[in-house]
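Down below is the structure, laid out as structure tokens.
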Protein chains: 2
Amino acid sequence: MLTIGKLGKAAGVKVPTIRYYEQIGLLPEAERSAGNQRLYGHKAQERLAFIRHARDLGFTLEAIRDLLSLSDRPDQSCAAADAIAKAQLAEVESRLARLTALKAELERMVVQCAGGSIADCPVIEVLSDHSLCATDHRHPESEVPS
Amino acid sequence: MLTIGKLGKAAGVKVPTIRYYEQIGLLPEAERSAGNQRLYGHKAQERLAFIRHARDLGFTLEAIRDLLSLSDRPDQSCAAADAIAKAQLAEVESRLARLTALKAELERMVVQCAGGSIADCPVIEVLSDHSLCATDHRHPESEVPS
DNA sequence: CTTGAAGCTATAGTTGCTAGAGACATTAGG
DNA sequence: CCTAATGTCTCTAGCAACTATAGCTTCAAG
């Protein structure tokens, strides 16, 4: 049985984060020692690793909650899990597209800036006047949508 | 003079967001009509467009605050503005790199899933066991760092 | 002159944690 | 066995950047 600190170290997750996951019901309530400290077994360790890995891949806690409850019913179809992963992939792809456009525009700004004064700094200029952007694209709605 | 609603529509910013920007001091306090409603002139409209554009490019509100105060002093050197833009570019590039790695791994998961049962769903499997990831990469620290 | 849209303030909620305070538990060294 | 240093406990508040809600007032059109 591991204390919360060892578990955190093993999984690469900070201690308060583990307690937070328990609080929101992603992890079940842990067993307690005589002195009221949380103790974790192998199952909890696997579950936390799953969560951590999914977070690393950018899944939201809500999506992870769904994936976990799916993985608890191994007999069912994996269509739902596949759908969640596909949605995440689509999300990542759309963010990639947006970031790529941002990168191009930022590069244009930075390259043009030759260290003069603010009055003719292309950084300020481009930000002030959208029409100075490359004309062949629209801006993304926002960088990280709701 | 525009009411807050017209201004929002003109700049593509929601009304509560404008009030929020005023609250945190990004926009100056607006003039008020006889009936206490906010009124905006040309200058405010430009300032809001600047903010909106910078947000679209992923600058934080803190960075925008700095850029705005720089643009208010046109005689100074634009080195600071350039540094902010360069930092933002670096940030975008690092996020691009991370997202590209995520995309590859998600694609692997999704492609392998042939619609069987959860018990052998590659989505769940890969998430459960990190060693099933492509062995030639480490995961990014996190998708969007602090 | 009435009705409905748009505006006002103030507060709370969102996501995914992180930081702090102040008290108790455990462990390593002497 | 005692003490000091960690580790853990609960609880609350804070971060970014908004978004939503409630309950009110003001404005513009018919």
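Naming: A, B, ... by sequence-line order, numbering from 1 per chain.
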| Considering only heavy atoms, which members of residues 28-36 of chain B lie under 4.0 Å from some atom of DNA chain C? | Arg32(B), Asn36(B)
| query | Are any of Arg65(A)'s side-chain N or O atoms less than 4.0 Å away from OP1 or OP2 of dT15(C)? | reply | no
| message | Nearest to the Gln37(A) side chain among dA17(D), dT26(C), dC8(C), which nucleotide is it? | response | dT26(C)
| Leu127(A) versus His53(B), closest heavy-atom pair with distance | O-ND1, 3.5 Å
| query | What integer distance in Å separates Leu61(A):CG from dT18(C):P? | reply | 11 Å
| Does a sphere of radius 6.0 Å around CD in Glu31(A) hold more than 12 heavy atoms from other residues, nucleotides or ligands, not counting ones at 6.0 Å or beyond? | no
| message | Is there a side-chain contact between Thr3(A) and the phosphate of dT8(D), meaning an N or O under 4.0 Å from OP1 or OP2? | response | yes
| field | Protein-nucleotide distance (Leu48(B), atom CG; dA17(D), atom P), rounded to Å | value | 16 Å
| said: If you compare every side-chain N and O of Thr17(A) against the phosphate oxygens of dG16(C) (OP1, OP2), does one of them come in below 4.0 Å? | reply: no
| query | Do Leu99(B) and Leu96(B) come within less than 4.5 Å of each other through their side chains, counting heavy atoms only? | reply | no
| query | Just checking Arg19(B): base, sugar-phosphate only, or nothing, at a heavy-atom cut-off of under 4.0 Å? | reply | base
| For Tyr20(A) and dC11(D), what is the distance between atoms OH and P respectively, to the nearest whole Å? | 17 Å
| task | Salt-bridge test for Arg47(B) and Asp72(B): reply yes if a basic N is under 4.0 Å from a carboxylate O, no otherwise. | result | yes
| Atom pair distance, as rounded to whole Å: CD1 in Ile51(A) and C1' in dG16(C) | 13 Å
| request: Assign each of Leu39(A) and Pro16(B) to its nearest nucleotide of DNA chain D by heavy atoms, then name whichever residue's nucleotide is nearer the 5' end. | output: Leu39(A)
| Charged N to carboxylate O below 4.0 Å: is that the case for Arg38(B) and Glu29(B)? | no
| Is any side-chain N or O of Arg38(B) closer than 4.0 Å to OP1 or OP2 of dC8(C)? | yes
| Arg55(A) side chain: which of dC8(C), dA17(D), dC17(C) is closest? | dC17(C)
| Most 5' of Glu62(B) and Tyr40(A) on DNA chain D, judged by nearest nucleotide | Tyr40(A)
| Reckon Lys14(A) has a side-chain N or O less than 4.0 Å from the OP1 or OP2 of dC17(C)? | no
| Where each residue is assigned the nucleotide of DNA chain C containing its nearest heavy atom, which of Gln23(B) and Lys9(B) is assigned the position nearer the 5′ end? | Lys9(B)
| said: With a 4.0 Å limit, can you tell me whether Tyr21(B) has a side-chain N or O closer than that to the phosphate oxygens OP1/OP2 of dA17(D)? | reply: no
| request: Specify the separation, in whole Å, of atom CD of Glu22(B) and atom P of dA10(C). | output: 12 Å
| request: Specify the separation, in whole Å, of atom CE of Met1(A) and atom P of dT26(C). | output: 14 Å
| task | Provide, to the nearest angstrom, the distance between the CG atom belonging to Leu26(B) and the C1' atom belonging to dA16(D). | result | 13 Å
| How long is the line joining CG of Asp56(A) and P of dG16(C), in whole Å? | 14 Å
